[in-house]
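Residue numbering restarts at 1 for every chain, and letters A, B, ... go by the order of the sequence lines.
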Amino acid sequence: MAANDEPRPLHFIRQIVADDLASGKHGGRVVTRFPPEPNGYLHIGHAKSICLNFGLARENRGGVCHLRMDDTNPSKEEQEYVDAIIRDVRWLGFDWGDKLFYASDYFDRIYEYALDLIKKGKAYVCDLTADEVRDHRGTLTEPGKGSPHRNRSIAENLDLFTRMAAGEFPDGSRTLRARIDMASPNINMRDPVMYRILRAAHHRTGDKWCVYPMYDYAHCVSDAIEGITHSICTLEFENHRPLYDWFLDALETPHHPQQIEFARLNVTHTVMSKRKLLKLVKEGLVRGWDDPRMPTIAGLRRRGFTPESIRDFCERVGVGKNESLVDIALLEHCLREDLNKRAPRVMAVLKPLRVVIENYPEGMVEEMDAVNNPEDSSAGTRKVPFSRVLYIERDDFMEDPPRKFFRLAPGREVRLRYAYFVTCTSAVKDPATGEVVELRCTYDPATRGGGAPDGRNVKATLHWVSAAHARDAEVRLYDHLLSAEDPDDAGEGDAFMSAINPGSLQALAGCKVEPGLAAAAPGAFFQFERLGYFCADSEDFRPDALVFNRTVGLRDTWARAQGRKEPQARG
RNA sequence: UACCCGGUGGUGUAACGGUAACACAGCAGGUUUUGGUCCUGCAUUUCGAGGUUCGAAUCCUCGCCGGGUAGCCA
């Protein structure tokens, strides 16, 4: 949670804020806001905006960041989303104190401001249908035509608008529009709609209103009401800035926030649009908004990402104005870097292969000392039971190994981590299939703990788990949900669906884990040595039914060298 | 075709008229009781053409390329 610890490069928004602070532009204050619409779950793209807005407030003395639900369209918004947003922003590590607001809190004032605008002759009630409005708007290259109702008297506009709000007219029959310029090259300025008639129960105001303000009008007014200094949004609102300023100038509001636009975050192998994510949820392609394959904050959390790593990622991707596609490898790097320092090491075997140490006494059990985290000596050590029958990873044995394979093979000696050197004497095969089902080995009692008194060395150290003491577990391996690097590149609409990776989830049953893992807390993270970072699933993990998610694999130069083509869930 | 915004290694971001750099990814070594971590090294960059200037990634002009915009969505 670095606040002012390190000198950071000043990206253009920090620069603007610093300049404004220096010139006293907003009375030396920094007030930002994160304004999600509660119509879906927050995703990694929102995390960038959250870190930016809350970060700006945090890193400047006296700065504040409001959390504001932009709930001006009751037909799409739900309380479930409000709750999820609050949970996610808080989990990311940000605090808004008592500054939790809703655009709907301001409906009365927004309405009063609309009346003001009418009185100034700058807004009028228009009776055109939606289709007619579109026809009058013109096109990108042709100017629009004025509405026939553009020059109604102020008195008539006042009367009509109050009656709109009173429920005298059917949905969609009239709108309140700003009177600006139908010939403006900026289509947003061609008498934009300010209010529409819409009879839908609002999650907060119920049926109090049947007219709801549009984004362009409500947002700038909400910002002004809250005394926002820097109103940060994404690039697609750049063309709306003249309108943002027009409303606030026309209304002569006490505050006039500055709208600043930045490029939204895109990440490879994923989609960010709420509509698309909703589709994945609704079509059952994922288990829900919090499916560990989803780029949602809830999904990343369940997958095992830490808030620290996400914040670090958001800082590293930078803030700019050019559209970019960030390699998901950077996110994974941030995660590994964080987890490497903090995750307790533990041994788990995903694809077990039975090993019998023939010269190890039957019935004997030794408690081996294992280091919990070589990156953190304060993490201490633990005891791991060792006995005559063990499991090792199937991938750690090859009957006929290629040149650079360092692991176990017939006649070869390797180290069992924190235990002994063992030598494979033979492989037992299933006579029917020829599959190796068991390894017979011998151990060297002099190598207890993993060191050889005679100084000889081995080329590999394997993880293992004692068969008699192991606990069964289900382990879920994940790969990219979308196999295309840029799924949106496939085209408009639902074209991204063609990039769905059918192998994005691979659930392994019968995995064998260290006994201590039965006591794991749901959500707790670990490094399964030599495999990757895993977490106890926050929903499905129970002491008698262990379920782990692979958060991200370790860097694996061996697998890469092999150029693995197996359709194996990675990552 | 109108308006707006952008174009720096494979990716992302810096350099604020003065030696183009950092991170990720890639490759090659070293260390190692995790083929992890860590350490070292390598390769790859200013969209193009003019102009201003002693000097341009940076300023100007014109191109080219990419994105956004015609919801009573946000």
Distance check, P atoms only: B:C47 and B:G7, in whole angstrom units. 9 Å
How about A:His46 and A:Tyr41: are their ring centroids closer than 6.0 Å? no
Over all strands shown, is A:Asp70 touching base, sugar-phosphate only, or nothing at heavy-atom distances under 4.0 angstrom? sugar-phosphate
For B:A70 and A:Asn188 - does any side-chain N or O of the residue sit under 4.0 Å from the phosphate oxygens OP1/OP2? no
Select from A:Asp131 and A:Gln15 the residue whose nearest nucleotide in RNA chain B is closer to the 5' end of that strand. A:Gln15
Base, sugar-phosphate, or nothing for A:Glu238, non-hydrogen atoms under 4.0 angstrom? sugar-phosphate
Pair A:His463, A:Arg530: side-chain N/O donor-acceptor within cut-off below 3.5 Å: yes
Would you mind classifying the nucleic acid contact of A:Lys341 as base, sugar-phosphate or nothing, using non-hydrogen atoms under 4.0 angstrom? nothing
Describe the nucleic acid contact of A:Asn73 in one word from base, sugar-phosphate, nothing, applying a heavy-atom distance below 4.0 Å. sugar-phosphate
Measure the distance from NE2 on A:His269 to P on B:G12 and round it to the nearest whole Å. 14 Å
Contact class for A:Tyr195 vs. all strands (heavy atom < 4.0 Å): base, sugar-phosphate, or nothing? nothing
Which sits closer to the 5' end of RNA chain B, A:Thr129 or A:Thr447, going by the nucleotide each is nearest to? A:Thr447
Apply the test salt bridge (Lys or Arg N to Asp or Glu O under 4.0 Å) to residues A:Arg550 and A:Asp479: give CA-CA distance (whole Å), side-chain angles for both, the deciding distance (0.1 Å), then the verdict. CA-CA 10 Å; A:Arg550 182 170 64 187; A:Asp479 192 1; over 6 Å; no
Just call it for A:Thr139: base, sugar-phosphate, or nothing, with non-hydrogen atoms closer than 4.0 Å on any strand. base
Can you confirm if the aromatic rings of A:Tyr443 and A:Tyr420 lie within a centre distance of less than 6.0 Å? yes
Just to be sure I understand the rule, does A:Gly320 reach a base, reach only the sugar-phosphate, or reach nothing, if contact means heavy atoms closer than 4.0 Å? nothing
Distance-only donor-acceptor check, side chains A:Asp376 and A:Ser378, under 3.5 Å: yes
Cation-pi geometry met for A:Arg152 and A:Tyr124 (6.0 Å, 45°): no
Hey, are A:Tyr244 and A:Asp223 close enough side-chain-wise for a donor-acceptor pair under 3.5 Å? yes
What integer number of Å spans the C1' atoms of B:U31 and B:C39? 8 Å
Secondary-structure string, 5' to 3', Watson-Crick or G-U under 3.5 Å, | for another-strand partners, for RNA chain B: .((((((..((((....[..)))).(((((.......)))))....(((((..]....))))))))))).....
Residues A:Glu308, A:Arg342: salt bridge by 4.0 Å N-O rule: yes
Given the C1' atoms of B:A21 and B:G30, what is the spacing between them in whole Å? 26 Å
Any Lys/Arg nitrogen of A:Arg241 or A:Asp216 sitting under 4.0 Å from an Asp/Glu carboxylate oxygen of the other? no
Residues A:Arg204, A:Asp105: salt bridge by 4.0 Å N-O rule: yes
Does a donor on one side chain sit under 3.5 Å from an acceptor on the other, for A:Gln15 and A:Asp19? yes
Using the C1' atom on both, measure B:G66 against B:G55 and round to a whole Å. 31 Å
Quantified in whole Å, what is the C1' atom distance between nucleotide B:G6 and nucleotide B:C22? 22 Å
Under 4.0 Å, heavy atoms only, any strand: does A:Thr175 hit a base, just the sugar-phosphate, or nothing? base
Using a 4.0 Å heavy-atom cut-off across all strands, classify A:His240 as base, sugar-phosphate, or nothing. base
B:G71 glycosidic torsion: syn (within 90° of 0) vs anti: syn
Looking at every strand, decide which applies to A:Leu325 at a 4.0 Å heavy-atom threshold: base, sugar-phosphate, or nothing. sugar-phosphate
Taken to the nearest whole Å, CG/A:Asn239 to P/B:A2 is 15 Å
Taking any heavy-atom pair under 4.0 Å as a contact, classify A:Pro374: base, sugar-phosphate, or nothing. base
Under 4.0 angstrom, heavy atoms only, what part of the nucleic acid is A:Leu176 near: base, sugar-phosphate, or nothing? nothing
Set out, line by line, the N/O atom pairs under 3.5 Å between protein and nucleotides 23-30 of chain B.
| from | atom 1 | to | atom 2 | distance (Å) |
| --- | --- | --- | --- | --- |
| B:A23 | O2' | A:Arg316 | NH1 | 3.1 |
| B:G26 | OP1 | A:Arg560 | NE | 3.4 |
| B:C27 | OP2 | A:Arg560 | NH1 | 3.3 |

Is it true that A:Tyr106 and A:Glu226 share a donor-acceptor pair across their side chains at a distance under 3.5 Å? yes
With a 4.0 Å cut-off on heavy atoms, is A:Phe237 in touch with a base, just the backbone sugar-phosphate, or nothing at all? base
Separation of the C1' atoms in B:U58 and B:G10, to the nearest angstrom: 25 Å
Whole-Å gap separating P (B:A74) and CD (A:Glu78): 16 Å
With stacking defined as ring centroids separated by under 5.5 Å and planes differing by under 30°, is A:Tyr215 stacked against B:A74? no
Scan A:Gly451 against the nucleic acid and name what it touches under 4.0 Å (heavy atoms): base, sugar-phosphate only, or nothing. base
Does B:G68 have OP1 or OP2 sitting under 4.0 Å from an N or O in the side chain of A:Arg241? no
With rounding to whole Å, what would you report as the distance between B:C16 and B:U8 at their C1' atoms? 15 Å
Just how far, in rounded Å, is P of B:G36 from CZ of A:Phe525? 22 Å
